[in-house]
Amino acid sequence: MSRNANRIILLGGPGAGKGTVAMTLVDRFALQHLSTGDMLRAAVAAGTELGKTANGFMSHGALVPDDVMVGLIQERVQQADCRLADGTPRFLLDGFPRTMPQADALDRHGLGPDVVVYLVVKDEILVRRLTGRRSCPKCGNPHHVEFAPPLHEGLCDRCGTALVHRVDDQEAAIRKRIDLFHSQTDPLVQRYAPLLVTIDGEQSQERVARSVIEGLRALEATGS
Ligand SMILES: [Zn+2]
């Protein structure tokens, strides 16, 4: 029996390359990409009940409670672009769940995943990728000291402004984010073990994309 891959969750640390994987899944498997940040902004802009509730928390600098977030997801997946012709929900969820209580909330609403794509990258590589970022304070053009070095050291290729190493991109802040990712998400990896498609995120972007396609095709063909 083959396994459906209609509801997919994407897990991976900061800097693991989730964007590449999401793009591949959207392009090749016709999944609707649901990012929690986008859904929040859309609901607030549209002034829906849940949008107003969420905005009430955010305007006080508070986190949006898990059940409000799941409510937003549930509203979004009612829409036709997140459904197959027979009504089966079909979507890629990115940025949620990050914690066990969020995964519980998703299950309670009947939106638990069929497949969990887990992008694995060693911490030291994540640190290298993230601490090497240099941004232009004037035009926002991104650079990387190792992977996309500026033509003239320390200066923006586009506008010549001196590049900055943002506090968010400095090692202490990066390590904190990575530690938080492990403490919250490692238990999710255990929980979803039977549903995992593990991808080596240290490969080139092209290979990551190919691994994702092969991983899902194998699953849909042979099941598990
Ligand atoms: Zn610039």
Side-chain angles (χ1 to χ4, degrees), residues 1-40 63-74 76-77 82-84 88-123 125-126 177-203 207-224:
M1 192 186 76
S2 71
R3 176 143 36 110
N4 290 321
N6 287 322
R7 295 191 304 266
I8 301 187
I9 283 174
L10 184 52
L11 296 180
K18 292 198 292 292
T20 301
V21 175
M23 225 171 1
T24 305
L25 289 168
V26 167
D27 283 353
R28 302 298 290 266
F29 296 92
L31 286 148
Q32 195 64 37
H33 182 201
L34 305 184
S35 124
T36 46
D38 291 347
M39 278 184 285
L40 272 173
L63 290 175
V64 178
D66 294 344
D67 275 310
V68 175
M69 210 51 241
V70 174
L72 284 173
I73 295 167
Q74 204 172 27
R76 180 66 186 85
V77 305
C82 294
R83 300 266 162 178
L84 293 175
T88 307
R90 182 172 168 81
F91 55 83
L92 166 67
L93 197 49
D94 179 6
F96 193 98
R98 286 187 206 272
T99 66
M100 288 293 260
Q102 290 178 350
D104 292 337
L106 209 55
D107 283 353
R108 275 200 303 279
H109 288 76
L111 294 172
D114 304 311
V115 173
V116 175
V117 176
Y118 178 36
L119 195 53
V120 182
V121 177
K122 279 193 289 292
D123 289 357
I125 307 266
L126 294 179
R177 279 174 66 197
I178 294 172
D179 289 348
L180 180 68
F181 165 75
H182 283 300
S183 64
Q184 292 186 327
T185 309
D186 287 355
L188 282 187
V189 172
Q190 300 298 318
R191 174 195 187 114
Y192 289 135
L195 308 178
L196 283 188
V197 171
T198 302
I199 304 293
D200 174 2
E202 293 176 20
Q203 310 172 93
R207 280 177 187 277
V208 166
R210 202 186 314 154
S211 302
V212 170
I213 292 166
E214 285 168 0
L216 281 200
R217 293 255 156 87
L219 195 94
E220 290 188 314
T222 63
S224 60

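Below, all heavy atoms of this structure are taken into account, side chains as well, without hydrogens, waters or symmetry copies. Computed from a predicted model, the values in this text were never measured in an experiment.
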Worked check of side-chain contact (heavy atoms from CB on, under 4.5 Å) between R76 and Q32: CA-CA 10 Å; R76 180 66 186 85; Q32 195 64 37; 3.7 Å; yes

Residue pair V189, T198: steps toward the side-chain contact (heavy atoms from CB on, under 4.5 Å) verdict: CA-CA 10 Å; V189 172; T198 302; over 6 Å; no

From CA spacing to verdict: side-chain contact (heavy atoms from CB on, under 4.5 Å), D67, H109: CA-CA 9 Å; D67 275 310; H109 288 76; 3.4 Å; yes

Check against salt bridge (Lys or Arg N to Asp or Glu O under 4.0 Å), R191 and D107: CA-CA 12 Å; R191 174 195 187 114; D107 283 353; 2.9 Å; yes

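For P14 against I178, the heavy-atom pair with the smallest separation is CG-CG1, 3.9 Å. Pairing each heavy atom of L188 with each of A103, the nearest pair is CD2-CB, 3.6 Å. Heavy atoms only, all atoms of each residue included: R7 and G112 are closest at NE-O, 2.6 Å. Across every non-hydrogen atom of P113 and I9, the tightest pair is CG-CD1, 3.4 Å. Between F96 and D66, the shortest heavy-atom distance links the atoms CZ-O, 4.2 Å. Taking both residues in full, the closest heavy atoms of L11 and P97 are given as CD2-O, 3.8 Å, listed atom of the first, atom of the second, then distance.
Taking CG of D94 as the reference point, atom CG of L31 lies at 12.0 Å (rounded to 0.5 Å). With rounding to the nearest 0.5 Å, the separation of CG in L219 from CG in D114 is 9.0 Å. The distance from the CD atom of Q190 to the CG atom of L196 is 9.0 Å, given to the nearest 0.5 Å. T36 contributes atom OG1, which lies 9.5 Å from atom CG of L72 (distance to the nearest 0.5 angstrom).
Between the side chain of R83 and the backbone N or O of V77 there is at least one donor-acceptor pair closer than 3.5 Å. Checking side-chain atoms of S183 against main-chain N and O of L180 turns up a donor-acceptor pair under 3.5 Å.
Counting heavy atoms from C-beta outward, F29 and I213 have side chains that approach closer than 4.5 Å. Between R28 and R217 the shortest side-chain heavy-atom distance falls below 4.5 Å. Proximity of L40 to M69: side-chain heavy atoms (C-beta onward) are separated by under 4.5 Å at one or more points. Contact of the V117 side chain with the K18 side chain is not registered, since no non-hydrogen atoms from C-beta on lie closer than 4.5 Å.
For the side chain to side chain contact (heavy atoms under 4.5 Å, CB included) criterion with L93, the lone passing option out of L10, L111, I8, L106 is L106. Only one option out of V121, V21, T24 pairs with V208 in a side chain to side chain contact (heavy atoms under 4.5 Å, CB included); it is V21.
Annotation: side-chain hydrogen bond (donor to acceptor under 3.5 Å, both in side chains) contacts of R90 (sequence neighbours excluded): N6.
Between R207 and D200 no salt bridge is recorded (no basic side-chain N to carboxylate O distance below 4.0 Å).
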